[in-house]
Colleague: 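Below: one structure in structure tokens.
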Protein chains: 2
Amino acid sequence: MAVESFSQSTVTELVPRQSSRRSHALFVALQKEIVLGQLVPEQALTELDLAQRFQCSQGTVREALMQLSEEGLVKRLPNRGTHVAPCHADDARALLELRRDVECRHLDRVVSRADAALKGDLHALLNAMRNAARDGDEYLLSVHDRAFHTRLFETADLPLVTPILTRCLIHNHRYKILNSQPNRALEETAERHVPILHALEARDVEALRGLLSHHIATIVDFGPDLTSVDGA
Amino acid sequence: MAVESFSQSTVTELVPRQSSRRSHALFVALQKEIVLGQLVPEQALTELDLAQRFQCSQGTVREALMQLSEEGLVKRLPNRGTHVAPCHADDARALLELRRDVECRHLDRVVSRADAALKGDLHALLNAMRNAARDGDEYLLSVHDRAFHTRLFETADLPLVTPILTRCLIHNHRYKILNSQPNRALEETAERHVPILHALEARDVEALRGLLSHHIATIVDFGPDLTSVDGA
DNA sequence: CGATCTTGCATTATCGATAATTCATAGGTT
DNA sequence: AACCTATGAATTATCGATAATGCAAGATCG
């Protein structure tokens, strides 16, 4: 129990303290609604409505919407409003392939920079995933899943690339959640990260690449095979 | 002359009418200063200073800064301010590889959707590049260069991927401009797009892929070779 | 009857002012 | 001397109100 609460607090602190910002709270709430499909693709989001609903000013809503736009979850047209982004299979597949490339290409940098802090954080996130899976909370599981892969990639120290991975991750999960029956095998999803962690601890770049590539290729079933390298 | 002014207006209309928004004007201005290095990496940008400098309110500046953050040209830390993004070789190389993957992977979709409007727009943009090169305006050349590649990729109809390409493009150009003597061979840079255009008009996907791949790999000289596929 | 031109409404864009946060510095305590 | 603690200046975050824009419905004209 002590271990559990400790790892929980560790995970909490992995998120930079932003909860005090209203715009960020709004961003998080809307992000969840979009990923879960409670806000459907192409739905219009009017700023004053959201302001009233979340008891804040229009400017604060605007900021949250711009943050969502940064992840591609909404599209903003000047003077014309904000709409929830579409979620088509073609985009989803392209983003999944892109994610595989990004995550797998720089694993040598990850392994060479891996340290105890990384190991600790990833174990904490794995634990958080297990807890979310046990509680049947698919969204919370996906949050920690994204944090796991982000934390891993941040170790490559390519700060200009990380936001691109963030974008891929959220859309991967959105497509998966929107196109599958809820609550299938959550616990299995969490456990799928264990071999990745082991390969990392063994500092085996090639094994890690193979595992991650497979891990990503099997997130969503895209017809023939995502594993074949068809790009260039 | 008539042709020139026509293509100019065509190019102008390729940009959605946003010039009436102060925040967008600010965004464009700051984007230029960052890409040209007039604002140096890690430099702090305080909102009220910019508001005074551009004669607008703090809120408008915030919006412009968030748009810049969307492209990764600045990094915003909650309650701590905004700084110009770093510009390291490792990131630049990773983003160039990523750009090559993105642009080359979906050329089949581009070719299958290519129409007269695309051809017209790309010719107009090529012309705009030539004009900018003739005038020795390296930045304007880069603007049209990005528009050219963006317009080409938009034809693939993967709206969730396009912003990622946008991000790669701006950082490619920023790194190139920040790490080279100004005004080398601008006209050559414009002409380098001609064979791409021809392959597109011939609807030859493989030729197009080869040309684009080489085009991108030779933008910046990154040591050994960017052409080898080293990612999975 | 169709096309163009107003007019009003819904919504976004901008502003100026106030509140909240951070950071550095100075002062006090053990 | 090391360690808190409090104060204040600088800056960001939020608010409420006003201006500007776009859209649709109705009016006017050929």
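Just so it is clear: chains get the letters A, B, ... in the order the sequence lines come, proteins before strands, and each one is counted from 1.
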Colleague: Please set out all donor-acceptor pairs under 3.5 angstrom arising from side-chain atoms of residues 68-76 of chain B, sequence neighbours excluded.
Modeller:
| unit_1 | atom_1 | unit_2 | atom_2 | d |
| --- | --- | --- | --- | --- |
| B:Ser69 | OG | A:Glu70 | OE2 | 2.9 |
| B:Glu70 | OE2 | A:Ser69 | OG | 2.9 |
| B:Glu71 | OE1 | B:Gln31 | NE2 | 2.6 |
| B:Glu71 | OE2 | B:Gln31 | NE2 | 3.3 |
| B:Lys75 | NZ | B:Glu42 | OE1 | 3.2 |
| B:Arg76 | NH1 | B:Thr82 | OG1 | 3.1 |

Colleague: Specify the separation, in whole Å, of atom CD of B:Glu47 and atom C1' of D:dT12.
Modeller: 6 Å
Colleague: Is the distance from OP1 or OP2 of D:dT14 to the nearest side-chain N or O of A:Ser23 less than 4.0 Å?
Modeller: yes
Colleague: Is it the case that over 12 heavy atoms from other parts of the model lie below 6.0 angstrom from the CD atom of B:Gln43?
Modeller: yes
Colleague: B:Leu45 has an atom CG; how far is it from atom P of D:dA10, in whole Å?
Modeller: 19 Å
Colleague: Quick test of your reading of the model: are A:Lys176 and A:Asp145 salt-bridged, counting only N-O distances below 4.0 Å?
Modeller: no
Colleague: For nucleotides 6-8 of chain C, print each protein N/O atom paired with a nucleotide N/O atom at under 3.5 Å, atom names and distance only.
Modeller:
none

Colleague: Which residues pass the ring-ring contact (aromatic ring centres under 6.0 Å, His included) test with A:His193, not counting sequence neighbours?
Modeller: A:Phe148, A:His149, A:His215
Colleague: I'd like to check the salt bridge (Lys or Arg N to Asp or Glu O under 4.0 Å) partners of B:Arg53; sequence neighbours left out, ordered by chain and number.
Modeller: B:Glu33
Colleague: Looking across every strand, which nucleic acid part, if any, lies under 4.0 Å from A:Leu26 by heavy atom: base, sugar-phosphate, or nothing?
Modeller: nothing
Colleague: In whole angstroms, how far is the P atom of D:dT12 from the NE2 atom of A:His24?
Modeller: 18 Å
Colleague: Using atom CG of B:Leu48 as one end and atom P of D:dT14 as the other, report the distance to the nearest whole Å.
Modeller: 15 Å
Colleague: C:dT12, OP1 or OP2 - any side-chain N/O from A:Arg76 closer than 4.0 Å?
Modeller: no
Colleague: Strictly below 4.0 Å: does A:Arg21 bring a side-chain N or O up to OP1 or OP2 of D:dA13?
Modeller: yes
Colleague: Checking A:Asp108 now: which residues fulfil salt bridge (Lys or Arg N to Asp or Glu O under 4.0 Å) with it, not counting sequence neighbours?
Modeller: none
Colleague: What is the separation between atom CD on A:Gln67 and atom C1' on D:dA13, rounded to the nearest whole Å?
Modeller: 12 Å
Colleague: Just jot down the side chain to side chain donor-acceptor pair (under 3.5 Å) partners of A:Ser23, sequence neighbours excluded, or say none.
Modeller: none
Colleague: Which parts of residues 50-66 of chain B get close to DNA chain D, meaning a heavy atom less than 4.0 angstrom away?
Modeller: B:Gln58, B:Arg62
Colleague: Sorted by first residue and then second, give each ring pair (Phe, Tyr, Trp, His ring centres under 6.0 Å) pair with at least one member in residues 62-102 of chain B; sequence neighbours left out.
Modeller: none
Colleague: Hey, does the side chain of A:Arg80 come within less than 4.0 Å of D:dC23's phosphate (OP1/OP2), counting only N and O?
Modeller: yes
Colleague: Using the test ring-ring contact (aromatic ring centres under 6.0 Å, His included), find all partners of A:Phe153 that sit at least two apart in sequence or belong to another chain.
Modeller: none
Colleague: Without decimals, in angstroms, what is the distance between B:Asp49 CG and D:dT11 C1'?
Modeller: 10 Å
